[in-house]
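Working notes, beginning with the structure itself.
Throughout, protein chains are lettered first and strands after them, A, B, ... in sequence-line order, and every chain is numbered starting at 1.
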Amino acid sequence: MSNMNLSEQEQIRRASLDELRKLGINPYPAAEYKTTVFAHDIMDNYSPEKNNFQDVCLAGRIMGRRIMGNASFAELMDSSGRIQIYIRRDDVSPGEDKMMYNTVFKRLLDIGDIIGVKGHVFKTQMGETTVHVDEFTILSKSIRPLPIVKEKDGVLFDAVTDPEMRYRQRYVDLIINPQVRDVFRKRTQIIQSMRELFNSKGYLEVETPVLQPIPGGAAAKPFITHHNALDMPLYLRVANELYLKRLIVGGFEGVYEFAKDFRNEGMDRTHNPEFTVMEIYIAYKDYNWMMVFTEELVKKAALDLHGKTEIIYGDKLINLNPPYKRISMTDAILENTGIDISGMDEPGLRGVCDKLDVPNTASMGKGKLIDELFSAKCEHNYIQPTFIIDYPTETSPLTKMHRSKPGVTERFELMINGKEIANAYSELNDPIDQMERFQDQLRLSEKGDDEAMFIDLDFIRALEYGMPPTSGMGIGIDRLTMILTNQPSIQDVLLFPQMKPEKKSASDHEEKYIEKGIPAEWVDPLKKLGFTTLTKLMEVEKAGKLANDLNGFNKKNKLGLSGLSPEAVEKWLK
RNA sequence: CGGCCCGUAGCUCAGAUGGUAGAGCACCUGACUCUUAAUCAGGGAGUCGAGGGUUCGAUCCCCUCCGGGCCGACCA
């Protein structure tokens with residue numbers, strides 16, 4: 001009765017669960033299950049000549065079954081991959097009692113269940129490497145049917161493609177789409193590759209606050225929260241830059257952090273509210289050095305992942321082999337629009353924007369206008385890795401002024417596939433200049449720019465003690481992973497991308513109905529007819545019709561309940 | 001935030017000028033001891049995303065909402 005809101009298949013599986021218990025089989029045993037091998041090892045290394053793998057034990061999920069009377073084949077999937085298993089009635093049920101095969105394996109086990117098997121490996125007549133099972137153990141019963149994906153010659157049938165299911169129930173996606181698991185393994189490999197490089201140079205991996213009193217280090221809208229004990233607002237970090245630079249002040253040669261940052265902005269194919277950035281700061285370096293280092297980093301990641309630097313992204317071939325093209329922002333605009341903006345003032349730039357149909361507002365200053373021009377007309381054209389260098393001062397408040405070019409800073413962004421992948425500076429270490437830049441930001445903020453940076457006075461104080469010349473670089477791990485794994489959307493490289501919460505249809509608990517004097521056996525039928533809350537039920541005006549509907553439901557579903565009178569139903573509604 | 005599209009069985013998808021729904025796989029019953037999208041025979045399974053409106057009657061038409069996708073805006 002209480003199972004009425006379960007699907008038929010779920011009810012069958014729960015019944016199987018009960019039956020297993022009645023047979024004295026624990027469907028969720030506690031004991032360690034000692035495996036000796038992974039499916040992948042067997043598939044790679046078994047050979048009939050060597051006659052190896054003759055006593056194996058492995059565990060995994062049943063992904064498919066082909067039952068043929070007294071012998072069966074099944075697909076077992078463990079963390080390394082799939083392997084076929086062969087189960088014969090007289091092997092797993094050697095005595096008179098054929099219960100383990102006839103009842104447990106054939107009837108009570110389902111696709112999705114996790115079992116352990118002991119046996120030996122052989123090749124079938126069809127040449128398929130297979131584990132011949134002598135003994136199997138139920139390790140976990142699955143009571144929710146898994147989407148069934150079949151495959152032949154590499155072609156998937158009925159693959160789950162619904163993005164909502166894939167992102168919301170990532171666990172299902174990972175079970176049935178092996179290539180998804182591969183993407184996330186590669187994501188971790190990319191991070192490991194970078195970490196190896198940093199550690200080999202002696203740089204220190206650190207952790208800095210996620211909860212910050214001042215959300216500094218980037219121009220972005222923060223998430224805000226509140227600390228009760230201190231009764232103060234705290235922000236989820238939009239960047240960790242200012243903390244890492246404090247550590248350079250403190251005397252570390254190089255520090256880095258793989259950091260989750262949070263930005264309270266839109267979501268799309270390349271933006272998620274929380275995302276991962278690797279930021280690194282190294283003393284006594286400048287942005288020229290950092291460009292070479294970034295090239296090395298990206299190249300190493302590509303080689304560690306693919307063994308080569310040519311990668312395919314969508315329909316594009318991208319070569320990550322250094323050196324990468326370097327072009328100043330001014331030259332990039334000249335190259336893409338034919339307009340030389342060098343030396344232009346704000347009205348001049350606004351004129352260029354208007355001429356090229358680049359949207360702009362009065363609150364935008366020189367730097368912002370140049371930035372808009374670049375974003376609209378240039379950025380998407382840099383498919384092959386390209387360093388855009390020498391950004392306007394106004395939009396780079398943490399960057400050192402260029403050593404020789406007036407009006408620009410020593411900053412670069414690495415573009416790949418028309419998207420920003422990395423961002424780096426010769427870090428501004430002049431505390432007085434830094435204070436002035438912050439104050440410029442404040443003025444922009446007053447002018448209406450809600451992305452202007454906050455002033456962090458403690459950071460200024462740190463710079464006043466003296467920070468060595470330093471270069472820092474941040475690289476978007478999600479976007480880099482997208483490029484290196486050929487994934488079109490950031491959601492495909494985040495295990496749990498942000499989603500709107502699932503709508504829960506309101507449903508009152510059974511007790512609430514019973515309190516109203518409604519017999520327990522009629523609660524499920526009521527809910528099934530749409531009266532999922534008492535409030536809805538109370539809105540019913542015609543008790544007679546409801547009684548009729550319920551009696552009809554009783555009959556149709558063969559519930560065998562005794563009929564209801566309109567008078568009885570009338571009482572419920574009071 | 002705006003434009004376009006989508007939501008039907010556990011999964012992939014059909015469907016009807018508006019008369020309460022189908023297929024394959026999955027599931028259940030049976031047959032089958034080397035199959036592999038196993039096969040063969042039979043069967044059951046659905047508040048057609050939610051609510052409201054029009055109608056004798058809505059899964060289909062209209063409105064609102066919820067969820068999702070793509071594009072754009074925003075986000076350096």
Side-chain angles (χ1 to χ4, degrees), chain A residues 5-13 15-16 63-75 82 84-91 101 107 110-112 122-128 130 132 142 144-168 172 176 218-221 238 263-273 329 359 364 367-368 370-376 379 388 391-392 394-397 411 413 419-420 423 449-452 488-489 491 499-506 525 527-532 536 553:
Chain A
N5 45 8
L6 294 177
S7 73
E8 182 194 33
Q9 291 194 41
E10 287 173 298
Q11 292 180 45
I12 289 166
R13 288 189 178 215
S16 299
M63 296 301 286
R65 290 197 300 172
R66 294 176 285 279
I67 294 173
M68 308 162 305
N70 293 328
S72 300
F73 290 92
E75 299 284 333
R82 288 184 182 214
Q84 179 170 264
I85 61 174
Y86 179 58
I87 297 192
R88 232 166 37 172
R89 184 190 65 187
D90 297 339
D91 293 329
Y101 183 78
R107 203 157 60 73
D110 293 290
I111 289 173
F122 75 110
K123 260 197 204 305
T124 64
Q125 288 173 7
M126 303 300 289
E128 177 88 18
T130 301
H132 187 129
S142 161
R144 188 182 282 268
L146 211 53
I148 303 297
V149 180
K150 300 216 171 188
E151 176 261 326
K152 183 182 169 113
D153 303 330
V155 183
L156 290 178
F157 296 83
D158 301 334
V160 174
T161 50
D162 176 16
E164 178 160 10
M165 158 83 107
R166 290 195 46 229
Y167 301 144
R168 246 187 237 292
V172 174
I176 61 185
K221 297 186 194 92
V238 295
R263 297 188 183 177
N264 206 342
E265 292 162 357
M267 291 161 59
D268 62 25
R269 221 172 55 250
T270 54
H271 297 82
N272 194 68
M329 183 161 259
M364 290 178 182
K368 186 82 179 164
I370 293 171
D371 207 72
E372 291 293 320
L373 273 174
F374 179 79
S375 302
E379 187 171 7
I388 306 297
Y391 280 63
E394 192 190 21
T395 51
S396 309
R411 170 179 179 183
E413 287 191 3
K419 291 267 159 35
E420 174 197 345
N423 181 19
D449 185 346
D450 58 358
E451 287 153 18
S489 165
Q491 297 178 110
M499 303 280 280
K500 283 197 196 178
E502 272 183 281
K503 187 189 56 171
K504 282 189 211 114
S505 56
K527 288 190 176 185
K528 201 80 176 168
L529 287 173
F531 301 101
T532 49
K536 275 188 193 172
F553 187 89

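- B/A26 atom C1' lies 13 Å from atom CE of A/Met63, rounded to whole Å.
- Residue A/Gln491 has a polar side-chain atom (N or O) positioned under 4.0 Å from OP1 or OP2 of B/G69.
- Side chain A/Glu151 to base B/A37: no donor-acceptor pair is found below 3.5 Å.
- Phosphate proximity of B/C71 to A/Arg269: present, with a side-chain N or O under 4.0 Å from OP1 or OP2.
- An OP1 or OP2 oxygen of B/G68 is reached within less than 4.0 angstrom by a side-chain nitrogen or oxygen of A/Arg168.
- Two residues are said to be in side-chain contact when any heavy atoms from C-beta on lie closer than 4.5 Å; A/Arg144 and A/Glu10 meet this criterion.
- With contacts defined as side-chain heavy-atom distances shorter than 4.5 Å, the pair A/Ser16/A/Arg107 does not qualify.
- Between the side chain of A/Glu128 and the base of B/U35, no donor-acceptor pair of N or O atoms lies under 3.5 Å.
- Here A/Asn423 lies in heavy-atom contact (under 4.0 Å) with a base.
- Taking atom C1' on both B/A45 and B/A23, the two are 14 Å apart, rounded to the nearest angstrom.
- Judged by distance alone with a 3.5 Å cut-off, no donor-acceptor contact links the side chain of A/Glu164 to the base of B/G67.
- Regarding A/Ile67, its CD1 atom lies at a distance of 13 Å from the C1' atom of B/G30, rounded to whole Å.
- The separation between A/Arg107 atom CZ and B/C27 atom C1' is 14 Å, rounded to whole Å.
- The distance between atom CZ of A/Arg65 and atom P of B/A37, rounded to the nearest whole Å, is 17 Å.
- No contact: A/Phe374 has no heavy atom under 4.0 Å from any strand.
- Regarding A/Leu6, its CG atom lies at a distance of 13 Å from the P atom of B/G46, rounded to whole Å.
- Here A/Lys150 reaches the OP1 or OP2 of B/A38: one of its side-chain N or O atoms lies under 4.0 Å away.
- In terms of phosphate contacts, A/Arg66 brings a side-chain nitrogen or oxygen within less than 4.0 Å of OP1 or OP2 of B/A38.
- Atom CZ of A/Arg66 is surrounded by more than 12 heavy atoms from other residues, nucleotides or ligands within 6.0 Å.
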- For side chain to side chain donor-acceptor pair (under 3.5 Å), just list the numbers for A/Arg411 and A/Ser396, CA-CA rounded to whole Å, side-chain angles, deciding distance to a tenth of an Å, and then say yes or no. CA-CA 8 Å; A/Arg411 170 179 179 183; A/Ser396 309; 2.8 Å; yes
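- Between A/Lys152 and A/Ile12, the residue anchored nearer the 5' end of RNA chain B, judged by the nucleotide with its closest heavy atom, is A/Ile12.
- In this structure, the CD1 atom of A/Ile176 is 10 Å from the P atom of B/C11, given to the nearest Å.
- No engagement by A/Tyr391 is indicated, since no non-hydrogen atom pair under 4.0 Å with the nucleic acid exists.
- Residue A/Glu394 is classed as having no contact, given no heavy-atom separation below 4.0 Å to the nucleic acid.
- At a threshold of 4.0 angstrom between heavy atoms, the contacts of A/Arg144 with the nucleic acid are absent.
- Each of B/G24, B/C34, B/A37 was ranked by its minimum atom distance to the side chain of A/Asp158; first place goes to B/G24.
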